[in-house]
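Residue numbering restarts at 1 for every chain, and letters A, B, ... go by the order of the sequence lines.
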Number of protein chains: 2
Amino acid sequence: MSQLSVSEAVAETGLSAHTLRYYEKEMLLFEVPRDSGGRRFYTRELLAAIKFISALRATGMSIQGIKDYIDLYRRGEHTAQQRMGLLQSHEELVQNQLKKTRASLEMIRRKIALYQTQLDAAASATQQGH
Amino acid sequence: MSQLSVSEAVAETGLSAHTLRYYEKEMLLFEVPRDSGGRRFYTRELLAAIKFISALRATGMSIQGIKDYIDLYRRGEHTAQQRMGLLQSHEELVQNQLKKTRASLEMIRRKIALYQTQLDAAASATQQGH
DNA sequence: ATGCATGCTAGAGTGCGCTCTAAGTCAAGC
DNA sequence: GCTTGACTTAGAGCGCACTCTAGCATGCAT
């Protein structure tokens, strides 16, 4: 029950089986345990790690960036400071990206508002027979 | 002065000349005027359109999506409703994406905080000779 | 008039992150 | 014992958004 099959991991993470294998291979990192038949199973710890990786991806960190982070992880406890540094600079990056997205969104909203007044004006003109 | 050269448009938009030409070709839309020598120049209106397109791109709309929007634009005034609909559903999409990004960012921050307490504990242990 | 920056074209190339293919293995249920 | 279905592998393929190349044209500045 604390060991999930591939299909269960797919359901939990929202990633495809292909993508799970791709991450495993590209990041060369979490050694996914296998059953007697050579099939993968995912422990709770592994699942948590994958979810964290998903969060990094969802915020735009590249596969290479994540790989670098995990490589540090595997080098041991003394890399904690560096790992934190990596996360901190990524956080900053994401904040800036959010700021930019919000500004762009604001621009889009202004355009929508413009359409709205324009369409309202057209509608009331029609109603009044203009 | 209200007609910008390529290099000025590059400076204003933050896009490369390559990208400007690429957008022009892919979106098949804004007919960029040319000088006697066949070189492009950008009017203020065009610049504004390009900046709006940049906002759509910055919020993740695909080239194809933008093309669809502009195609509507060129079909005339009666497509205003549809264009607004397009923008509205894009807005919704961006909102959801923002929500997801913020959740992921929160996860990353918790991890950073974890590192911080961990490193603080290690530091004070060292200081006290443990 | 000469040199150099800027711009032009068509089309090829790149990097990223998946995503799929093909052929095979294994375990459980009928 | 046979089928079914979830899984395995190595490697090819794809879609997107640029990004660059090569070779040529134009036009301002010395």
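The aromatic rings of B:Tyr69 and B:Phe52 are tilted relative to each other, their planes meeting at an angle between 30° and 60°.
Salt-bridge formation is detected for the pair A:Arg34/A:Glu24: a Lys NZ or Arg NE/NH1/NH2 atom is positioned less than 4.0 Å from an Asp or Glu carboxylate oxygen. The pair B:Glu91-A:Lys111 fails the salt-bridge criterion, with no side-chain N (NZ, NE, NH1 or NH2) lying under 4.0 Å from an Asp/Glu carboxylate O. Salt bridge status for A:Lys99 with A:Glu92: absent, with no side-chain N to carboxylate O gap under 4.0 Å.
Under 4.0 angstrom from either OP1 or OP2 of C:dG17 there lies no side-chain N or O belonging to A:Tyr23. Residue B:Ser7 places at least one side-chain N or O under 4.0 Å from the OP1 or OP2 atom of C:dG7. Between B:Arg40 and D:dT26 there is no side-chain polar atom (N or O) within less than 4.0 angstrom of OP1 or OP2.
Atom pair A:Leu15:CG and C:dG17:P shows a separation of 14 Å (rounding to whole Å applied). Rounded to whole angstrom, the span from the CZ atom of B:Arg57 across to the P atom of D:dT19 amounts to 10 Å. Taking atom NZ of residue A:Lys25 and atom C1' of nucleotide D:dA10, one finds them 7 Å apart after rounding to whole Å. The distance from atom OH of A:Tyr22 to atom P of D:dC7 is 22 Å, rounded to the nearest whole Å. As rounded to whole Å, 16 Å separates atom P of C:dT6 from atom CG of B:Leu4. In this structure, A:Glu24 atom CD and D:dT8 atom P are separated by 8 Å, rounded to whole Å. Rounded to whole Å, the distance from CG on B:Asp35 to C1' on C:dC8 is 11 Å. Following rounding to the nearest Å, B:Arg34 (CZ) and C:dT6 (P) show an atom-to-atom distance of 18 Å.
Counting only N and O atoms by type, the side chains of A:Ser104 and A:Thr101 include no donor and acceptor under 3.5 Å apart.
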Any N/O pairs under 3.5 Å between the protein and nucleotides 21-23 of chain D? List them or say none.
none

Could you go through nucleotides 24-30 of chain C and list every protein N or O atom that sits under 3.5 Å from one of its N or O atoms, giving the distance for each pair?
from   : atom 1 : to      : atom 2 : distance (Å)
C:dC26 : O2     : A:Arg39 : NH2    : 3.0

Go through the steps for B:Gln88 and A:Gln116 under the test side-chain contact (heavy atoms from CB on, under 4.5 Å), then give the verdict. CA-CA 11 Å; B:Gln88 280 173 329; A:Gln116 235 136 22; 3.5 Å; yes
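Here the straight-line distance linking atom CD1 of B:Ile112 with atom CE of A:Met84 works out to 8.0 Å at 0.5 Å rounding.
Relative to the six-membered ring of A:Tyr73, A:Arg83 meets both conditions, a distance below 6.0 Å and an angle of at most 45° to the axis.
A:Arg44 is listed as a side-chain neighbour of A:Leu4, based on a closest heavy-atom distance under 4.5 Å. A heavy-atom distance below 4.5 Å is not found between the side chains of B:Lys25 and B:Tyr23. The shortest side-chain heavy-atom distance between B:Ile63 and B:Tyr22 falls under the 4.5 Å cut-off.
Nucleic acid contact class of A:Ser5 (heavy atoms, under 4.0 Å, all strands): sugar-phosphate only.
For A:Ala17 against A:Val6, the heavy-atom pair with the smallest separation is CB-CG1, 3.8 Å.
Listed nucleotides C:dC8, D:dA17, D:dT19 differ in distance to B:Thr19; the shortest reach to its side chain belongs to D:dT19.
Contacts between residues 62-73 of chain B and DNA chain D, defined by a heavy-atom separation under 4.0 Å, are made by B:Ser62, B:Ile63.
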